[in-house]
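What you are looking at is a predicted structure, and each value in this text was computed from that prediction instead of being measured. The chain is numbered in sequence order, starting from 1.
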Amino acid sequence: MSAFLPILTLATLFCGLVAGIAFIFATVIMPGLATLGDRDLLRSFKAIDRVIQGNQPLFMVAWLGSALLLGTATVLGFASLSPLDRLLLLSALGAYLAGVQVPTIRVNVPLNNELQRQDLDQLDDQAIARLRQTFEPRWVRWNWIRTWVAVATTLTLLVLLLRL
């Protein structure tokens with residue numbers, strides 16, 4: 001169990017970072033972009049996403065590291081935990097993968113990629129308006145889901161750490 005506690009602590013920190021990233025998008029970035037016209041919102045989001053898709057190292061370490069650390073902590077601690085603590089850890093892992101990582105892979109990243117493929121200067125105003133309507137509401141809805149699941153995961157892991 002010697003490596004379990006530091007890895008669980010790091011997993012909690014990284015899940016908290018992801019919760020913070022998603023929270024900032026949900027409460028500041030997307031509402032701010034929502035005040036822009038269609039073309040400006042799409043251009044601005046593309047610029048932000050290019051930084052992320054350019055494999056911004058700290059972002060990538062936090063986002064991917066959170067899942068890897070949480071999975072590693074689950075493997076390392078599973079056999080030595082009490083039934084309740086095991087349930088907390090498995091619940092955190094399952095919720096985090098299903099509610100944060102899977103929606104990212106299945107919804108948000110594909111929406112981002114579709115937007116990146118668009119040449120916004122070549123689209124007329126109606127096409128830009130349709131693109132925004134296809135992109136923004138779905139992206140925002142799923143980001144809120146990711147936000148609350150990441151927050152709940154972090155809280156669950158904090159409870160687990162306090163119990164150990």
Which atom names give the shortest non-hydrogen contact between [X] and [Y], and what distance separates them?
{"X": "V100", "Y": "T104", "value": "O-OG1, 2.6 Å"}
{"X": "I105", "Y": "P110", "value": "O-CD, 3.1 Å"}
{"X": "T134", "Y": "R138", "value": "O-CB, 4.1 Å"}
{"X": "V18", "Y": "S66", "value": "CG2-OG, 3.7 Å"}
{"X": "L97", "Y": "A67", "value": "CD2-CB, 4.3 Å"}

Donor-acceptor contact below 3.5 Å, side chain T156 vs main chain L88: no

Got a second to check how far [X]'s [atom1] is from [Y]'s [atom2], nearest 0.5 Å?
{"X": "C15", "Y": "L155", "atom1": "SG", "atom2": "CG", "value": "11.0 Å"}
{"X": "Q118", "Y": "L42", "atom1": "CD", "atom2": "CG", "value": "9.0 Å"}
{"X": "L8", "Y": "T74", "atom1": "CG", "atom2": "OG1", "value": "8.0 Å"}
{"X": "L13", "Y": "L157", "atom1": "CG", "atom2": "CG", "value": "11.0 Å"}
{"X": "L161", "Y": "T9", "atom1": "CG", "atom2": "OG1", "value": "4.5 Å"}
{"X": "L84", "Y": "L89", "atom1": "CG", "atom2": "CG", "value": "11.5 Å"}

Does anything in [range] pair up under ring pair (Phe, Tyr, Trp, His ring centres under 6.0 Å), and if so which pairs, sequence neighbours excluded?
{"range": "residues 30-56", "value": "F45-F135, F45-W139"}
{"range": "residues 94-131", "value": "none"}
{"range": "residues 140-164", "value": "W144-W148"}
{"range": "residues 58-88", "value": "F59-W63"}

Apply side-chain contact (heavy atoms from CB on, under 4.5 Å) to the pair L81 and L87, showing each step before the final yes or no. CA-CA 9 Å; L81 292 174; L87 178 63; over 6 Å; no

Looking at I48, V140, N108, which hits side chain to side chain contact (heavy atoms under 4.5 Å, CB included) with F25? I48

Would you give me the side-chain donor-acceptor pairs under 3.5 Å for residues 26-38, sequence neighbours excluded?
residue, atom, partner, partner atom, Å
T27, OG1, F23, O, 2.8
T35, OG1, G32, O, 2.6
D38, OD1, R132, NH1, 2.9

Could you pull out every donor-acceptor pair under 3.5 Å between side chains of residues 121-129 and any protein atom, sequence neighbours left out?
residue, atom, partner, partner atom, Å
D121, OD1, R43, NH2, 2.2
D124, OD1, Q126, N, 3.1
D124, OD1, A127, N, 2.7
D125, OD1, R39, NH2, 3.1

Partner set under side chain to side chain donor-acceptor pair (under 3.5 Å) for Q56, not counting sequence neighbours: none

Give every residue pair that meets the salt bridge (charged side-chain N to carboxylate O under 4.0 Å, His left out) criterion with at least one member in residues 64-80, sequence neighbours excluded. none

Pairs in or reaching into residues 8-28: which pass salt bridge (charged side-chain N to carboxylate O under 4.0 Å, His left out), with residues at least two apart or in two chains? none

Using the test salt bridge (Lys or Arg N to Asp or Glu O under 4.0 Å), find all partners of D85 that sit at least two apart in sequence or belong to another chain. R163

ILVMFWY cluster membership beyond V109 - transitive side-chain contacts under 4.5 angstrom: none

Group every Ile, Leu, Val, Met, Phe, Trp and Tyr by side-chain heavy-atom contacts under 4.5 Å, then state whether L41 and I24 land in the same group. yes

Quick one: side chain to side chain contact (heavy atoms under 4.5 Å, CB included) partners of Q53, sequence neighbours excluded? D49, N112, N113, Q116

For R106, look at atom CZ and say whether over 12 heavy atoms of other residues, nucleotides or ligands are found less than 6.0 Å away. no

Given side-chain contact (heavy atoms from CB on, under 4.5 Å), test L111 with L115 step by step and report yes or no. CA-CA 6 Å; L111 286 169; L115 182 58; over 6 Å; no

